[in-house]
Asker: 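Have a look at the structure that comes next, please.
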Protein chains: 2
Amino acid sequence: MNQPGESLRDRKKRRTRAALERATVRLAAERGYDHVTVEEIAAEADVSVRTFFNYFASKDEALIGADPEAGPRMAERILAFPDTVTPFEAYRSSVLAEITDELNNARDLWLLRKDVLMQRPDLLVRAFANSAESEQLLSDAVGRRAGLPESHAYPRLLVAAGSAAFRCAVTRWARDDSVALGELVTEALDLFGTGLAHTPRRHEGGS
Amino acid sequence: MNQPGESLRDRKKRRTRAALERATVRLAAERGYDHVTVEEIAAEADVSVRTFFNYFASKDEALIGADPEAGPRMAERILAFPDTVTPFEAYRSSVLAEITDELNNARDLWLLRKDVLMQRPDLLVRAFANSAESEQLLSDAVGRRAGLPESHAYPRLLVAAGSAAFRCAVTRWARDDSVALGELVTEALDLFGTGLAHTPRRHEGGS
DNA sequence: TGCAAAGTTGCAGTGACTGCAAAACGATCC
DNA sequence: GGATCGTTTTGCAGTCACTGCAACTTTGCA
């Protein structure tokens, strides 16, 4: 009694998770992140508080809606590129693919999140704290592609740069969303790619 | 009855703050971060729990011992460099100066912190979340030196790169402290400087 | 239909953190 | 050497995020 891959159980779980994420973002945008309790969020999503914590390890995580499959998915993408593509390009493409996917599926949520993150920029930083294993996965993938030993700084730095690029892009996007978020991430990653040592001129990049 | 600059009150405050930081790091290293309560930390430092929270906004902050003056100090250093120095170099030097100072004053604390951070890497990330205003200060300074408009990505990215470099350096240092932390930060910042687009060869940098 | 596995819930408990008002303390002026 | 004023410390009561556990319900499968 099972569609290949998605049982009734799985569907319900996905729906509950989405409902919790939605409720968190909606309420936080409406009244401010710390004027919303987990109790209220759970009520809004029609589940118990305990269930909330079965889905998300923390309120923070629910706000960002960190997808636990995003890490593995990106790592796979990185490794799937042919060897002619540089590790940097592979990583960059994976990040962008993930972001555009995400925005296509949940643009409305991001528009609300923006409001919350504008008032509490620290939440965006904290969000990345919870994804330590994902970072590990990604930097391992980059390391393998680059043929570098575990101890080398490059893979970790590249992944950390990706987080930083995303963070900065969201921050800028929150100020002015007339440019697509994907564009801003691209721009940021390009700067990391060409190196920060040379100062950009006034007219390059986000004016 | 006052030495220029430092009254008895000021001295006591500095001592209490230091004692709380010390107690937090020592106990966390000893029994693991989340097997230590703020109550125990306060007891160890001989103050009330309420006083702990007068000094640090959170347990996390006490573990890292974020110096509230570090941001302004670095911003000042950045602006103090002559115009012949690039913004990148100015920033880089300021970061390194701060780190070497810190290590000279509290090397023992960092050796203990290392143990804690090895088991809970997320704490290092979270630590940077609390320093949003410092980041703002620094990126403003960089922006002014570079003559770029507020909205430009470069200053924010450079500062974010600095955080990332520091994080990665500490992580690597935690695995193997036979190299000075300052060296590792330098190496990481160099990679950011020259750009991540070109893949490093096997022998460059951390082997 | 009936059993096993997975998911949900309530409950009791811990511990971080806050606001408030009183007490202790240090600086200052006479 | 007080009287006084601003600062810091403290206790207390309260809120809320988060956890482990032990029922209970739902779904998957034979």
Side-chain angles (χ1 to χ4, degrees), chain A residues 1-21 23-25 27-28 31-66 68 116 120 122-123 126-127 129-130, chain B residues 1-21 23-24 27-28 31-64 66 68 116 120 122-123 126-127 129-130:
Chain A
M1 204 211 258
N2 236 352
Q3 296 312 79
E6 178 119 291
S7 63
L8 169 58
R9 238 175 216 173
D10 291 344
R11 237 176 305 138
K12 273 196 166 178
K13 271 178 78 174
R14 267 203 313 121
R15 252 190 270 143
T16 306
R17 189 183 185 83
L20 283 171
E21 183 182 341
T24 309
V25 174
L27 291 177
R31 348 180 176 151
Y33 183 71
D34 30 336
H35 293 123
V36 178
T37 68
V38 172
E39 204 172 337
E40 293 167 319
I41 296 169
E44 175 89 5
D46 245 314
V47 292
S48 73
V49 172
R50 197 60 188 78
T51 297
F52 175 97
F53 285 108
N54 286 339
Y55 281 88
F56 296 101
S58 67
K59 202 175 144 190
D60 292 11
E61 216 171 275
L63 181 78
I64 304 300
V116 184
R120 299 267 327 250
D122 58 300
L123 291 177
R126 306 185 82 167
N130 299 341
Chain B
M1 205 214 258
N2 237 351
Q3 296 311 81
E6 178 118 290
S7 65
L8 169 58
R9 245 178 207 170
D10 290 344
R11 238 175 304 140
K12 271 197 166 178
K13 272 179 79 173
R14 267 202 314 123
R15 252 191 270 144
T16 305
R17 188 182 186 85
L20 283 171
E21 183 183 340
T24 308
L27 291 178
R31 356 181 170 145
Y33 183 71
D34 30 335
H35 293 122
V36 178
T37 69
V38 172
E39 205 172 335
E40 294 167 320
I41 296 168
E44 175 89 5
D46 246 314
V47 292
S48 72
V49 172
R50 196 61 188 77
T51 297
F52 176 98
F53 285 109
N54 285 340
Y55 281 88
F56 296 101
S58 68
K59 202 176 144 191
D60 292 11
E61 214 173 277
L63 181 79
I64 304 299
V116 183
R120 299 267 326 252
D122 58 299
L123 291 177
R126 302 181 74 133
N130 299 341

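Heavy atoms only: backbone and side chains are in, while hydrogens, waters and symmetry mates are out. The sequence lines fix the lettering, A, B, ..., with proteins before strands; numbering per chain opens at 1.
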Asker: Distance under 6.0 Å and angle within 45° of the ring axis: does Lys59(B) meet both against Phe53(B)?
Answerer: no
Asker: Using a cut-off of strictly less than 4.0 Å, decide whether Lys59(A) has a side-chain nitrogen or oxygen near OP1 or OP2 of dC18(D).
Answerer: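 No.
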Asker: Quick check on dT8(D): is either OP1 or OP2 less than 4.0 Å from any side-chain nitrogen or oxygen of Lys12(B)?
Answerer: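 For dT8(D), OP1/OP2 do not have a side-chain N/O of Lys12(B) under 4.0 Å.
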Asker: Using whole Å, report how far CG of Asn54(A) lies from C1' of dT26(D).
Answerer: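 Value for this atom pair: 15 Å.
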Asker: Check whether any side-chain heavy atom of Asn130(B) lies under 4.5 Å from a side-chain heavy atom of Arg126(B), and answer yes or no.
Answerer: no
Asker: Phe52(B) CZ to dC17(C) P: how many Å, rounded?
Answerer: 7 Å
Asker: Given dT10(D), dT8(D), dG15(C), which nucleotide is nearest the side-chain atoms of Arg9(B)?
Answerer: dT8(D)
Asker: For residues 41-51 of chain B, which residues have at least one heavy atom under 4.0 Å from DNA chain D?
Answerer: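 Contacts with DNA chain D under 4.0 Å: Val47(B), Ser48(B), Arg50(B), Thr51(B).
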Asker: Do the side-chain N or O atoms of Ser7(A) get closer than 4.0 angstrom to the phosphate oxygens (OP1, OP2) of dG28(D)?
Answerer: yes
Asker: Could you tell me the separation between the CG atom of Leu8(B) and the C1' atom of dG26(C), rounded to a whole number of Å?
Answerer: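 Nearest whole value for this atom pair: 7 Å.
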Asker: State, with a plain yes or no, whether a side-chain heavy atom of Phe56(B) is found less than 4.5 Å away from one of Thr24(B).
Answerer: no
Asker: Any side-chain heavy-atom pair from Lys13(A) and Tyr55(A) closer than 4.5 angstrom?
Answerer: yes
Asker: In whole angstrom, what separates Arg11(A)'s CZ from dA6(C)'s P?
Answerer: 19 Å
Asker: Rounding to an integer number of Å, can you tell me how far Asp34(B) CG sits from dC17(C) P?
Answerer: 13 Å
Asker: Quickly work out the Phe56(A) CZ to dC16(D) P distance and round it to whole Å.
Answerer: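 To the nearest whole Å, that distance equals 21 Å.
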Asker: Which part of the nucleic acid does Tyr55(A) contact within heavy-atom distance under 4.0 Å: base, sugar-phosphate only, or nothing?
Answerer: sugar-phosphate
Asker: Step by step, would you call Leu63(B) with Glu21(B) a side chain to side chain contact (heavy atoms under 4.5 Å, CB included)?
Answerer: CA-CA 6 Å; Leu63(B) 181 79; Glu21(B) 183 183 340; over 6 Å; no
Asker: With respect to Leu20(B), which candidate in Asn54(B), Asp46(B), Val47(B) satisfies the side chain to side chain contact (heavy atoms under 4.5 Å, CB included) definition?
Answerer: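 Of the listed options, the one satisfying the test is Val47(B).
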Asker: Round to the nearest Å and state the distance from Glu6(A) atom CD to dA6(C) atom P.
Answerer: 17 Å
Asker: Check the distance between dT15(D)'s P and Glu40(A)'s CD and give it to me in whole angstrom.
Answerer: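 Roughly 14 Å, once rounded to whole Å.
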Asker: Whether the side chain of Thr16(B) engages the backbone of Lys12(B) through a donor-acceptor N/O pair (distance < 3.5 Å, no angle test) should be reported.
Answerer: yes
